[in-house]
Amino acid sequence: MGLALKWSRHVLNLDQRTHVMGVLNVTPDSFSDGGKYFQREKAIARGLEMAREGADVIDVGGESTRPYSGRISSAEEMERVIPAIEALSKELSVPISIDTYKSDVAREALRSGASMINDVSALRFDPSMASLAGREGVPVVLMHMKGTPEQMQDNPTYDDLISEIRDFLREAIERAVAGGIRDDLIVVDPGIGFGKTYDDNLKILKEIEKLKGLGKPVMLGTSNKAFIGKILNKEPHERDTGTMATVAYAAMAGVHMVRVHNVKESVETVKVIEAIKRARVRET
């Protein structure tokens with residue numbers, strides 16, 4: 001049986017091709033595009049544009065989780081994301097994800113038209129998140145992060161990087177199921193850049209196949225991250241080429257979903273890689 005997410009009126013056949021999740025940051029301070037879509041009208045316009053560009057999911061976030069970022073209140077986070085979610089859900093058929101670790105924000109987002117939760121804390125920061133997602137019957141992305149955004153990049157160290165990520169995610173899956181989340185609605189993310197060194201990020205990419213042993217769809221979020229900037233000596237807004245290299249690598253490796261800022265180029269990159277993979281299958 002292939003890996004697919006089926007819920008409500010949505011179906012994502014993740015074993016057929018790499019899917020693209022578009023990032024919509026309704027924030028003034030995100031590392032890559034902070035402020036660009038902070039105004040409500042611009043956020044809505046960008047969400048509609050991403051859908052036209054072929055995004056399979058649109059992930060709306062109202063609080064930056066870049067290294068050393070600070071927290072904001074649930075009220076402020078909702079003030080940022082809910083208007084965009086309400087407007088986009090009326091116009092789009094693609095699922096909308098809420099990028100939050102707060103259950104009250106997620107609850108309001110789901111009421112407003114979101115139908116998926118992307119939790120960078122893997123249900124650790126808010127004990128009510130799992131039961132909410134379970135009751136609502138929505139998919140949840142569980143991400144590995146060492147520590148919290150405020151201190152995750154303070155000298156992160158591992159004895160065995162991949163094993164520790166795998167164990168963390170296995171425990172997160174168990175926590176999700178115990179909280180009532182359907183076993184077939186769980187996606188895992190190794191958390192590139194979240195409590196990881198430059199070498200850690202490259203090792204995760206190189207050994208991404210090892211995470212498939214968890215039996216869950218794997219999502220990868222490399223878009224414009226610092227390790228790409230270090231390789232290319234580029235600022236965040238100049239890292240599209242490097243990001244597309246990682247998207248191509250992920251698609252070749254059979255990663256189920258990539259989370260990106262540049263949807264158009266990512267969709268095109270995935271299409272080319274998938275065509276190459278199909279051709280190779282036909283020749284064997």
Side-chain angles (χ1 to χ4, degrees), residues 17-25 27 29-37 46 49-50 53-59 61 64-69 97 99 118 120 141 143-146 149 152-153 156 158 161-162 165 187-212 217-277:
R17 62 174 173 83
T18 296
H19 284 52
V20 175
M21 173 185 278
V23 180
L24 183 57
N25 287 322
T27 61
D29 56 347
S30 292
F31 83 98
S32 179
D33 56 1
K36 194 171 183 181
Y37 306 113
R46 177 56 184 151
E49 182 180 43
M50 285 195 291
E53 292 172 344
D56 298 292
V57 181
I58 295 173
D59 192 36
S64 173
T65 50
R66 75 189 193 287
Y68 310 110
S69 59
S97 168
D99 178 5
N118 181 15
V120 298
V141 180
M143 192 191 79
H144 175 275
M145 172 170 49
K146 195 175 184 73
M152 64 187 178
Q153 289 304 110
Y158 300 86
L161 174 70
I162 302 301
I165 291 174
V187 179
V188 296
D189 180 345
I192 293 283
F194 284 80
K196 315 293 192 304
T197 65
Y198 169 82
D199 289 331
D200 290 339
N201 291 321
L202 293 177
K203 185 176 178 64
I204 290 168
L205 284 169
K206 190 172 183 179
E207 301 187 24
I208 194 68
E209 293 274 355
K210 293 183 178 179
L211 293 183
K212 292 183 180 179
V218 176
M219 186 172 85
L220 202 57
T222 57
S223 187
N224 300 349
K225 292 285 176 75
F227 80 98
I228 295 173
K230 183 173 181 179
I231 295 170
L232 302 177
N233 191 27
K234 298 285 188 181
E235 294 300 315
H237 66 281
E238 301 175 313
R239 298 172 187 168
D240 277 343
T241 301
T243 297
M244 291 314 117
T246 65
V247 168
Y249 181 88
M252 284 298 296
V255 169
H256 303 95
M257 188 178 296
V258 289
R259 182 178 182 274
V260 297
H261 298 85
N262 189 327
V263 170
K264 181 176 182 294
E265 289 188 8
S266 297
V267 168
E268 292 176 354
T269 298
V270 167
K271 281 182 178 178
V272 172
I273 296 300
E274 296 295 345
I276 294 170
K277 289 165 68 176

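- The closest side-chain heavy-atom distance from S223 to V23 is not below 4.5 Å.
- With K277 contributing its side chain and A251 its backbone, the two residues share a donor-acceptor pair below 3.5 Å.
- Residue K212 qualifies as enclosed at atom NZ: its count of foreign heavy atoms under 6.0 Å is above 12.
- By the side chain to side chain donor-acceptor pair (under 3.5 Å) test, K206 is found to be paired with no residue, residues two or more places apart in sequence or in another chain being considered.
- For K230, the side chain to side chain contact (heavy atoms under 4.5 Å, CB included) partners at least two apart in sequence or on another chain are Y198.
- Closest of all the heavy-atom pairs between G22 and V263 is CA-CG2, 3.6 Å.
- By the side chain to side chain donor-acceptor pair (under 3.5 Å) test, D189 is found to be paired with no residue, residues two or more places apart in sequence or in another chain being considered.
- Of all non-hydrogen atoms in E207 and I162, the two that sit nearest each other are OE1-CG1, 3.4 Å.
- For the pair M145 and V120, the tightest heavy-atom approach, listed with the atom from each and the gap, is CE-O, 3.5 Å.
- Residues that satisfy the side chain to side chain contact (heavy atoms under 4.5 Å, CB included) test with K271, not counting sequence neighbours, are V267.
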Inset, instruction - Apply the test side-chain contact (heavy atoms from CB on, under 4.5 Å) to residues I273 and T18: give CA-CA distance (whole Å), side-chain angles for both, the deciding distance (0.1 Å), then the verdict. - result: CA-CA 9 Å; I273 296 300; T18 296; over 6 Å; no

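- Scanning all heavy atoms of the two residues, the minimum distance from G242 to I228 falls at CA-CG2, 3.7 Å.
- Judged purely by atom type and a 3.5 angstrom limit, N233 has no side-chain atom pairing as donor or acceptor with the backbone of G229.
- The distance from atom OH of Y158 to atom CD1 of I165, rounded to the nearest 0.5 Å, is 5.5 Å.
- Contact of the I204 side chain with the K196 side chain is registered, since non-hydrogen atoms from C-beta on lie closer than 4.5 Å.
- Residues L205 and L220 meet the side-chain proximity criterion, which asks for heavy atoms closer than 4.5 Å.
- Looking only at distances, a side-chain donor or acceptor of N201 sits under 3.5 Å from a matching main-chain atom of G193.
- Looking at E265 and T243, their side chains never come closer than 4.5 Å, going by heavy atoms from C-beta outward.
- Contact of the F227 side chain with the R239 side chain is not registered, since no non-hydrogen atoms from C-beta on lie closer than 4.5 Å.
- Looking at V258 and T222, their side chains never come closer than 4.5 Å, going by heavy atoms from C-beta outward.
- Taking the side chain to side chain donor-acceptor pair (under 3.5 Å) definition, one finds that T241 meets it with nothing, sequence neighbours left out.
- Minimum heavy-atom separation, E53 to R46: OE1-NH1, 3.2 Å.
- Salt-bridge annotation for K146 and D200: absent, with no side-chain N of the basic residue lying under 4.0 Å from a carboxylate O of the acidic one.
- Residues meeting the side chain to side chain contact (heavy atoms under 4.5 Å, CB included) test with D59, sequence neighbours left out: M21, S97, D99, N118, R259.
- Within the 3.5 Å criterion, the main-chain N or O of V218 finds a donor-acceptor partner in the side chain of H256.
- D240 CG to K264 NZ: the interatomic distance, rounded to the nearest 0.5 Å, is 11.0 Å.
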Inset, instruction - Walk me through it: do M244 and N262 pass the test side-chain contact (heavy atoms from CB on, under 4.5 Å)? - result: CA-CA 9 Å; M244 291 314 117; N262 189 327; 4.2 Å; yes

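- Nearest heavy-atom pair across S64 and T27 is N-CG2, 4.0 Å.
- Inter-residue side-chain proximity for M257 and D56 is flagged as unmet; no heavy-atom pair is nearer than 4.5 Å.
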Inset, instruction - Report the C-alpha separation of I231 and L202 in whole Å, then their side-chain angles, then the decisive distance to 0.1 Å, and conclude whether the side-chain contact (heavy atoms from CB on, under 4.5 Å) test is met. - result: CA-CA 11 Å; I231 295 170; L202 293 177; 4.2 Å; yes

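- At a threshold of 4.5 Å between non-hydrogen side-chain atoms, the residues H261 and N25 count as touching.
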